[in-house]
Amino acid sequence: MKVLVTGAGGYIGRHVVKALLEEGHEVIASDFDKKGIDSRAVITDVPIFSGDRNIYEELGSPDVCIHLAWKDGFIHNSDAHMQGLSDHYTFISNMVKGGLKRVSVMGTMHEVGYWEGAIDENTPCNPLSQYGVAKNALRQSLLLLSGTENFNLYWLRAYYIVGDEAKSSSIFAKILQAEDDGKEKFPFTSGKNKYDFIHVKELARQIAAASTQDEITGIINVCTGKPVSLAEQVESFIKDKGLKIKLEYGAFPDRKYDSPGVWGDPSKINSILAKKGE
């Protein structure tokens, strides 16, 4: 397939481009930052938020669009989330009306808000951040659009991502920075809360697989489905990296609005991967 990837130079995007190329797809890569994008991809300079009604043809009439582009994804209460919402909808709407048949969009567990246990496609959403509110609104708008336009919508809901720390703003990146700064201790919570952690390369593989099939659509959790305590994940990271820094448990209180355990139901992605023989 010919696959357009927006946000192709981002933390997740660079890995998605590579995963698609490894599967033999033709990739059109779109981003402001082109550093680190696999050289086998065709890089486009066409601005995706121009409002151009002919944007689908301008971008090479792809079979699939994997829309990862999103400003301030690591800053959950940035004003940019709601300010840019209509641009995302306009872009995707114009792509679909131009002839696009498969739209894959990066979702987030933050659409759901507070939840205890497994999240599936029917879990109610009550987002508690500007990021979650904006993503939730985009998903609802695109679901309505899919009722009037003929296209497959894949809403890929991600959870906690690890790996490639140099490009992330996660706790793991902060621990590496603290180690580089010569600090002996890293202030931490109790670490008891459990989350669904996935390596960015595995996430990219799941995104590529889900976006290039036609049988399973709608909300698809891209995750492991395995809850792991934050303490266990971080201690494992410190050990694997051979770091000397120690966690200072209890330096920060556990936040009242953090769930004791939340993870994704992987049923749909497991089915997709099984059918692809992966």
Side-chain angles (χ1 to χ4, degrees), residues 7-19 22 31 33-38 68 70-78 106 108-110 114-117 119 128-129 131-132 157-207 221-264 266:
Y11 173 53
I12 300 171
R14 293 177 303 114
H15 295 280
V16 172
V17 168
K18 191 174 292 291
E22 293 300 325
D31 206 329
D33 183 3
K34 299 170 177 60
K35 293 179 182 177
I37 298 177
D38 195 300
L68 306 176
W70 196 272
K71 186 178 180 181
D72 289 353
F74 291 115
I75 308 171
H76 287 178
N77 280 312
S78 167
M106 198 76 250
T108 170
M109 61 174 286
H110 296 292
Y114 187 90
W115 188 258
E116 296 182 22
I119 291 173
L128 299 172
S129 67
Y131 176 58
R157 185 172 281 160
Y159 291 76
Y160 285 86
I161 310 167
V162 299
D164 198 7
E165 284 76 22
K167 290 287 184 180
S168 79
S169 295
S170 67
I171 186 175
F172 305 99
K174 291 179 174 68
I175 289 171
L176 286 178
Q177 185 61 55
E179 175 86 3
D180 289 343
D181 292 342
K183 295 180 180 178
E184 296 181 358
K185 292 184 177 181
F186 186 85
F188 199 54
T189 63
S190 73
K192 294 178 180 178
N193 301 61
K194 293 185 176 182
Y195 303 111
D196 192 321
F197 296 95
I198 189 170
H199 195 282
V200 67
K201 289 184 179 179
E202 172 60 19
L203 175 64
R205 185 177 79 99
Q206 292 188 7
I207 290 171
N221 289 318
V222 278
C223 64
T224 66
K226 299 173 183 177
V228 176
S229 75
L230 183 59
E232 183 181 346
Q233 187 72 31
V234 173
E235 291 284 11
S236 177
F237 173 78
I238 290 172
K239 182 179 178 181
D240 291 345
K241 294 291 185 182
L243 307 182
K244 296 179 180 179
I245 201 165
K246 303 292 184 184
L247 296 178
E248 187 181 355
Y249 286 99
F252 293 124
D254 291 327
R255 297 179 300 192
K256 293 181 180 179
Y257 57 84
D258 281 341
S259 170
V262 61
W263 58 93

Do Val228 and Tyr160 have side chains that get closer than 4.5 Å, going by heavy atoms? no
Closest heavy-atom contact between Ser229 and Gly191? CB-O, 3.7 Å
Measuring from Phe186:CZ to Lys246:NZ, what's the distance to the nearest 0.5 Å? 15.0 Å
Which heavy atom of Ala8 sits nearest a heavy atom of Val17, and at what distance? CB-CG2, 3.8 Å
Heavy-atom closest contact (Asp31 atom, Gly7 atom, distance): OD2-C, 3.2 Å
When every non-hydrogen atom of Ala204 is compared with those of Ala19, the smallest separation belongs to O-CB, 3.9 Å
So, taking the atom named NZ in Lys201 and the one named NZ in Lys18, what distance separates them when rounded to the nearest 0.5 Å? 8.5 Å
Taking the side chain as every heavy atom from C-beta outward, state whether Phe197 and Leu230 have any atom pair closer than 4.5 Å. yes
Ile12 and Trp70, any side-chain heavy atoms less than 4.5 Å apart: no
Are side-chain heavy atoms of Ile207 and Met106 found at a separation under 4.5 Å? yes
Name of the residue among Asp38, Asp164, Asp33 meeting side-chain hydrogen bond (donor to acceptor under 3.5 Å, both in side chains) with Arg14: Asp164
Quick check for you: to the nearest 0.5 Å, what is the distance between Asp180 atom CG and Ile175 atom CD1? 12.0 Å
Go through the steps to decide whether Leu203 and His15 satisfy the test side chain to side chain contact (heavy atoms under 4.5 Å, CB included), and finish with yes or no. CA-CA 9 Å; Leu203 175 64; His15 295 280; over 6 Å; no
So, do Ile198 and Tyr159 sit near enough that their side-chain heavy atoms are less than 4.5 Å apart? no
If you round to the nearest 0.5 Å, how far is CD of Gln177 from CD1 of Ile245? 10.5 Å
Does a side-chain heavy-atom distance below 4.5 Å link Ser259 with Trp115? no
Rounded to the nearest 0.5 Å, what's the gap from OG on Ser236 to CZ on Phe172? Could you check? 9.0 Å
What distance do Lys174 atom NZ and Asp181 atom CG have between them, rounded to the nearest 0.5 Å? 13.0 Å
Glu165 and its side-chain contact (heavy atoms from CB on, under 4.5 Å) partner, picked from Val200, Ile171, Leu176: Leu176
Residue pair Pro266 / Thr224: nearest heavy atoms and the distance that separates them: CG-O, 3.9 Å
Check whether more than 12 heavy atoms from other residues, nucleotides or ligands sit under 6.0 Å from atom NZ of Lys185, and answer yes or no. no
Within the structure provided, determine whether Leu243 and Phe237 are in side-chain contact (heavy-atom separation under 4.5 Å). yes
What one should report as the nearest heavy-atom pair of Trp263 and Gly225 is CD1-O, 3.7 Å
Is the side chain of Asn77 donor-acceptor paired with the backbone N or O of Ser129 at a distance under 3.5 Å, no angle test? no
Glu116 side chain reached by Pro260 side chain, heavy atoms, under 4.5 Å: yes
